[in-house]
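Below: one structure, written as structure tokens.
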Number of protein chains: 2
Amino acid sequence: MRGRVEDKYNAHAVCRAVFKPEAVPFPMTPGPDQPARVDLREACIAEATAIIELRGIESLSLREVARRLGVSHQAPYRHFPSRDHVLAEVIRRSFAEFAAALNAPPRTDNVGADALAMGMAYVQFALSRPLQYRLIFGGALPDPERHGEMLNGARAAFGVLQNLLTRIFTERGQPFDQEAVNREALFIWSSLHGIVSLMRSDALDTLELSPDTRNGFAMIALQRVGVALGVAPSLTPGPQAKETER
Amino acid sequence: MRGRVEDKYNAHAVCRAVFKPEAVPFPMTPGPDQPARVDLREACIAEATAIIELRGIESLSLREVARRLGVSHQAPYRHFPSRDHVLAEVIRRSFAEFAAALNAPPRTDNVGADALAMGMAYVQFALSRPLQYRLIFGGALPDPERHGEMLNGARAAFGVLQNLLTRIFTERGQPFDQEAVNREALFIWSSLHGIVSLMRSDALDTLELSPDTRNGFAMIALQRVGVALGVAPSLTPGPQAKETER
DNA sequence: TACATGAGTTGACACTGTCTACAAAACTAC
DNA sequence: GTAGTTTTGTAGACAGTGTCAACTCATGTA
């Protein structure tokens with residue numbers, strides 16, 4: 001290998017994201033017996049993820065990934081047929097993390113509280129990792145036909161919503177209705193997506209609204225989702241109807 | 001100009017988008033008296049818009065724009081300092097068109113109907129021009145600091161919402177409260193954005209829900225916005241609360 | 001020990017945005 | 001009308017990109 005021993009496979013990124021801290025250590029510089037054959041595929045994904053989280057999907061370059069890892073510009077192509085395949089794998093993992101985040105809050109016997117916790121987990125994920133959120137929901141995905149696994153996490157996340165809704169319906173003593181469960185799951189999803197998208201939008205920034213308004217909006221919007229699901233009391237009735245028809 | 005008279009400035013794109021059909025015609029090949037000096041700047045924007053609407057923002061290339069217009073790869077740089085400036089101008093116009101679309105439905109004396117019309121106009125715009133919608137709300141905008149005009153249309157669109165909300169509040173006899181108007185305007189915006197985003201999402205496609213579910217979701221979601229604003233009757237109560245606290 | 005395979009390398013190609021230098025056309029001043 | 005200036009378009013270069021092909025070399029297997 002032509003005597004270049006600099007920072008082959010960039011210990012920084014690899015240690016940070018590929019191996020868990022307690023995992024088997026590997027020698028920085030290849031020893032004579034231990035050839036330091038760390039999985040370049042994993043290192044590429046880790047580095048690509050780091051770049052995307054830092055500067056967004058459009059400035060992901062496989063050549064930069066290779067450069068950062070101290071390998072030739074073609075090395076990543078030994079493990080991925082194309083840039084889109086790297087992207088698809090990063091997206092697949094991001095979706096999986098998203099689904100895991102939704103599923104993270106422990107289940108209690110109060111379905112309303114669980115719904116709230118899931119909503120907060122959604123918002124938390126979207127706001128704390130905006131570029132990752134944009135990556136999976138921004139709409140610039142590689143062709144899903146060609147990358148079947150990519151959206152597994154999306155289905156898992158929707159499953160979390162479905163489970164939640166099923167619990168709510170059941171607790172209310174209503175007959176099981178998959179159609180209704182799906183409709184309500186989509187409703188939650190779209191509402192939460194709308195809220196977090198707006199909160200991180202340049203278009204919103206330009207309006208120069210007070211932080212009070214922005215936060216207040218998010219609060220009432222979230223609360224109204226709860227109201228529509230029957231798991232939150234109606235507190236913020238918006239513009240009052242003169243006479244509510246019922 | 002070195003005797004190249006092919007399709008300088010590509011009559012197709014120019015006629016289609018720069019000039020309205022009834023506008024002054026211009027000679028395809030420059031006549032001796034009429035130098036055919038059509039505005040290359042406008043032609044660039046038209047061509048860039050066409051590319052973006054067809055293949056999305058990431059595959060916009062200034063060199064391709066130039067090629068299509070039959071000019072040298074540097075010609076567009078006489079009119080725009082950089083690719084981002086072309087993009088910013090396309091985005092500025094898209095925002096303006098969006099605001100105009102929201103404002104298009106004629107005002108009646110039924111504010112509830114007007115609200116519904118605006119909501120439909122929003123959805124119509126987003127679904128009929130998905131790439132344009134993604135362009136302005138997808139979150140990959142050039143730095144708004146450097147392109148001040150770019151978001152004018154966003155402010156105008158928000159103004160349409162504010163006006164609508166002000167009318168609703170006024171009709172309900174409630175005191176003017178700018179804070180509340182803004183909050184409710186954001187609520188509408190986020191709800192509509194969530195709905196249309198989901199309807200055009202690869203993540204949703206992968207769930208393979210029935211068209212009934214997808215359309216049903218959009219309907220109840222839209223209807224619930226109306227309910228929250230007090231301009232629509234509550235028809236689709238979701239999971240029933242056992243006992244609504246009030 | 002021969003050979004096949006996998007993994008990384010180099011070098012090319014076509015493409016991109018953008019810089020510089022140049023040419024021609026258009027406008028302005030006399 | 002002619003000289004000079006400004007505007008507009010061109011040509012060539014440079015560094016960056018994704019990707020293809022050909023190469024080396026270490027490894028595992030027959």
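Naming: A, B, ... by sequence-line order, numbering from 1 per chain.
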* Asked: Is there a donor in the side chain of B/His193 and an acceptor in the side chain of B/Ser190, or the other way round, less than 3.5 Å apart?
  -> no
* Stepwise, does the side chain to side chain contact (heavy atoms under 4.5 Å, CB included) test hold for B/His147 with B/His85? -> CA-CA 8 Å; B/His147 306 275; B/His85 285 78; 3.6 Å; yes
* Nearest to the side chain of A/Ala75, which nucleotide is it out of C/dT10, C/dG17, C/dG8? -> C/dG8
* **Nearest listed nucleotide, side chain of A/Arg67, among C/dT9, D/dG16, D/dA11** => D/dG16
* Taking NE2 from B/His73 and C1' from D/dA11, how many angstroms apart are they, rounded to a whole number? -> 7 Å
* Give a yes or no on whether a salt bridge exists between A/Asp205 and A/Arg200, defined as a side-chain N under 4.0 angstrom from a carboxylate O. => no
* **Protein-nucleotide distance (B/Glu58, atom CD; C/dG17, atom P), rounded to Å** => 13 Å
* Residue-level proximity of residues 76-87 of chain A to DNA chain C when a heavy atom falls under 4.0 Å -> A/Arg78, A/His79
* hbond_proxy B/Arg41 side chain to D/dT8 base (donor-acceptor, 3.5 Å cutoff) -> no
* Under 3.5 Å, is there an N or O donor on one side and an acceptor on the other linking the side chain of A/Arg63 and the base of D/dG18? -> yes
* Gap between atoms CG and C1', on B/Leu62 and D/dG16 respectively (whole Å) -> 16 Å
* Structure fact -> Those residues at least two apart in sequence (or on a different chain) that pass side-chain hydrogen bond (donor to acceptor under 3.5 Å, both in side chains) with B/Arg155 are A/Thr206, B/Asn152
* Asked: Mind checking what makes side-chain hydrogen bond (donor to acceptor under 3.5 Å, both in side chains) contact with B/Arg93, not counting sequence neighbours?
  -> B/Glu42, B/Glu89
* To do: Counting heavy atoms from C-beta on, name the nucleotide in C/dT10, D/dG9, C/dG17 closest to the side chain of B/Ser72.
  => D/dG9
* Asked: Within the structure, does a side-chain N or O atom of A/Ser61 lie under 4.0 Å from either OP1 or OP2 of D/dT17?
  -> yes
* Residue of the set B/Ile57, B/Thr49, B/Leu141, B/Leu60 for which side-chain contact (heavy atoms from CB on, under 4.5 Å) holds with B/Leu135 -> B/Ile57
* Please report, rounded to the nearest Å, how far the P atom of C/dC15 is from the CZ atom of B/Arg68. => 15 Å
